[in-house]
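The structure under discussion appears below in the form of structure tokens.
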Amino acid sequence: MEINTKFNVEDEVYLLHSNKIVKAKIIEIHITSFNNNKGPYMKITYALSLPDKYRTQVEEKELFITKQELLDSL
């Protein structure tokens, strides 16, 4: 099995946090993989270091490489 993630540990990313755009650093990557009744399932989440919080878990779909990419997604 090969697992590819969009981001790596130490990458800086943008996300919405408390209704604001913030920049955060990825400190851990968590991968959950199992089989359910619909077949194989994999979930990738990231632990982030935020300005007001040392650690929070978010899904890959909530993170963006640039602030503009985040704005374009809204």
Side-chain angles (χ1 to χ4, degrees):
M1 172 190 269
E2 185 176 320
I3 299 171
N4 295 310
T5 60
K6 187 174 177 183
F7 306 103
N8 296 308
V9 172
E10 297 292 318
D11 283 355
E12 290 188 335
V13 293
Y14 291 89
L15 71 152
L16 285 178
H17 176 67
S18 300
N19 292 323
K20 296 179 185 171
I21 295 175
V22 295
K23 189 176 192 178
K25 184 180 272 190
I26 295 173
I27 54 176
E28 292 177 359
I29 300 172
H30 300 266
I31 299 167
T32 305
S33 178
F34 58 88
N35 282 320
N36 60 20
N37 59 354
K38 296 178 183 176
Y41 174 80
M42 183 170 31
K43 181 177 179 181
I44 300 171
T45 58
Y46 296 85
L48 304 175
S49 176
L50 295 169
D52 65 341
K53 199 176 194 182
Y54 173 67
R55 185 180 172 138
T56 191
Q57 291 282 126
V58 297
E59 291 187 38
E60 193 169 67
K61 65 184 178 184
E62 300 174 63
L63 302 176
F64 300 89
I65 295 170
T66 65
K67 191 184 289 189
Q68 187 61 49
E69 201 178 288
L70 188 157
L71 291 170
D72 291 344
S73 75
L74 300 176

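Keep in mind that this is a model prediction, so the values were computed, not measured.
- Remark: E62 pairs with no residue by the salt bridge (Lys or Arg N to Asp or Glu O under 4.0 Å) rule, at least two apart or across chains.
- Linking ILVMFWY residues whenever their side-chain heavy atoms come closer than 4.5 Å, directly or via other members, places V9 and L15 in the same cluster.
- In this structure, CD1 on I29 lies 8.5 Å from CD on E60, to the nearest 0.5 angstrom.
- Residue L71 holds its CG atom at 10.5 Å from OH of Y14, rounded to the nearest 0.5 Å.
- Closest non-hydrogen pair, N36 versus K38, comes out as OD1-N, 2.8 Å.
- Rounding to the nearest 0.5 angstrom, the gap separating the OH atom in Y46 from the CG atom in D11 is 8.5 Å.
- Atom NZ of K43 has 12 or fewer neighbouring heavy atoms from other residues, nucleotides or ligands inside a 6.0 Å radius.
- Annotation for I27 and S49: closest pair CG2-CB, 4.0 Å, computed over non-hydrogen atoms.
- A continuous path of Ile, Leu, Val, Met, Phe, Trp and Tyr side chains, each step under 4.5 Å between heavy atoms, connects I31 with I26, placing both in one hydrophobic cluster.
- Under a hydrophobic-cluster definition in which Ile, Leu, Val, Met, Phe, Trp and Tyr are linked whenever side-chain heavy atoms come within less than 4.5 Å, directly or via other members, L63 and I65 are assigned to the same cluster.
- To the nearest 0.5 angstrom, T66 atom OG1 is 13.0 Å from E12 atom CD.
- The two residues A24 and L50 come nearest to each other via the heavy atoms CB-CD2, 3.4 Å.
- Taking each heavy atom of V58 and L48 in turn, the nearest pair found is CG2-CD1, 3.4 Å.
- Nearest heavy-atom pair across F7 and F64 is CZ-N, 4.2 Å.
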